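Notes follow once the structure below has been shown.
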Amino acid sequence: MQKQEFHKVINALKLGEGEKVKLRGWIDNVRHQGGLTFIDLRDSSGKIQVTIKKQNLTNVNYEEIIKNLSREASVSIEGIIKVDPRAPGGKEVTCNSIQIIGKSEEYPIRKGVSVSYLLDHRHLYLRREKMQAILKIRNKLLEGARRWFLENEYFEIQCPTFITASVEGGATLFKVDYFGRKAYLTQSSQFYLEAAIFGFEKVFTIQPSFRAEKSRTRKHLTEFWHLEAEVAFATHDDIMEIEEDLLYNMVKYAVDECKKEFELLKRSNFEAPKRPFIRMTYLEALEIIKGKGFDIKFGDDIGADEEKVIANQIDRPAFIMYFPKVTRAFYHQPHPEDNSLTLSSDLYAPTQGEIATGGQRIHDLNLLLKRIEENNLNPKDYEWYLDLRRYGSVPHAGFGMGIERIVKWVTGINHVRDAIAFPRTSNRVYP
RNA sequence: GCCGCCUUAGCUCAGCCCGGUAGAGCACUCGGCUGUUAACCGAGGGGUCGUGGGUUCGAAUCCCACAGGCGGCGCCA
């Protein structure tokens, strides 16, 4: 298309009475009124009402053009800004000339359609204001994260999707046929990040992880975006401080940059979390949960109902520290004062629950081998990972955050599948 | 993997308990309307009631199986 000067809707709304505008975008809604037609014109920046009056059109005849003004048709228009209290937002465009760029068939997205219908039509639902707002906030959260990593001199590395060994012995991996060999889709880049710290020291990655669990919850996807970091010489305390500073700054950035989007989601009262974040031990968490009448004992995992107890009573993110060894994967560093505990923590967001997990990794070769055996795993599966402890091993720590869970928390939506453009769940790989 | 609910017009649902072969709203088509905000008013077209089997003179309706979807648990980020 020839390059032309068009206004963005957001800028058109700043102009005064009588100023000329050229706009292009999509018809969000249309209302015919005899010789008068209203369209809500939408572009990537917002919506504005355009009035098309029979006598004002210079380029085509009115009856001919309104036939093709269906929802989601793409159009370019020229007109004049008019201040009018009857228009949404107080301003509208009186149209002088209109051109249909692309006609639209009967648009399937309407009020009152079901959740599964919207998921089947996600490729079209994506253009609705609500989805746009969520994804813009997601975008700024990720931008905020990258800015923080850049300011703090981290190295961004990209890790493989095809892998051979599991990070968490237990979690279910997607199996793929790799030219006749068995391979899997990655569930975490942690081991690769650990390899990268020997040289880069502070590294991070933002890429998808895959879990072949048929989870039917509002917080699980089979393909989710995983923000992971690993830091040489860092302790468990250091890594919590890093998680806190990162999370605070990425949320603050999104809140500052997306005022309009938060307003649209009716979430203007959401603020960047207060600091410092809460730090409580696993044992303290158990006491709180017991206090609510739950029967839970040392060594038990914190289940969904128990997680809610904690999530609903915190006013800012909270670390739950020092999980028992029996609840954690083999690579976690034992607590120096209590060998049954680990130097690890889950990070909970208010009302949401777990959004990140981090901790200190075992850097001693013999201890790591011992833990592999205790977990009935085969050391041969972890040869290259063990190698990292053979050549200048250093204490180190890292964490992983679930991007969609953070988006869900920040935007207040009630399912992670709306926190990503094209969600993948156990029974959805389309569109 | 387990538990619960749902599946009837393009979409959202009513009808099912107490069996007699279907109805509303929205969308669509046509007509009307110069101030609508999910516009409105009038008319019209549109359904082998998820699939298979069973009971019955007769099944959307009762029974069984299967499939798909949604919600929750487990698992986790």
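Each chain gets a letter, A, B and so on, in the order its sequence line appears, and its residues count up from 1. None of these values were measured; they are calculated from a predicted model. Below, each value reflects all heavy atoms present in this structure, side chains not excepted, and no hydrogens, waters or symmetry copies.
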Under 4.0 Å: is that the gap between some side-chain N or O of [X] and OP1 or OP2 of [N]?
{"X": "K53(A)", "N": "rU34(B)", "answer": "no"}
{"X": "R218(A)", "N": "rG72(B)", "answer": "yes"}
{"X": "K308(A)", "N": "rC73(B)", "answer": "yes"}
{"X": "N427(A)", "N": "rC70(B)", "answer": "yes"}
{"X": "R216(A)", "N": "rG71(B)", "answer": "yes"}
{"X": "R417(A)", "N": "rG71(B)", "answer": "yes"}

If we require ring centres under 5.5 Å and near-parallel planes under 30°, does F224(A) stack on rA77(B)? yes
Donor-acceptor pair under 3.5 Å, [X] side chain vs [N] base:
{"X": "E213(A)", "N": "rG1(B)", "value": "no"}
{"X": "K111(A)", "N": "rG25(B)", "value": "no"}
{"X": "S215(A)", "N": "rC75(B)", "value": "yes"}

Scan T217(A) against the nucleic acid and name what it touches under 4.0 Å (heavy atoms): base, sugar-phosphate only, or nothing. base
Centroid-centroid distance, Y282(A) to F323(A), less than 6.0 Å: yes
So, does Y154(A) use its side chain to make a donor-acceptor pair with the main chain of A229(A) at under 3.5 Å? no
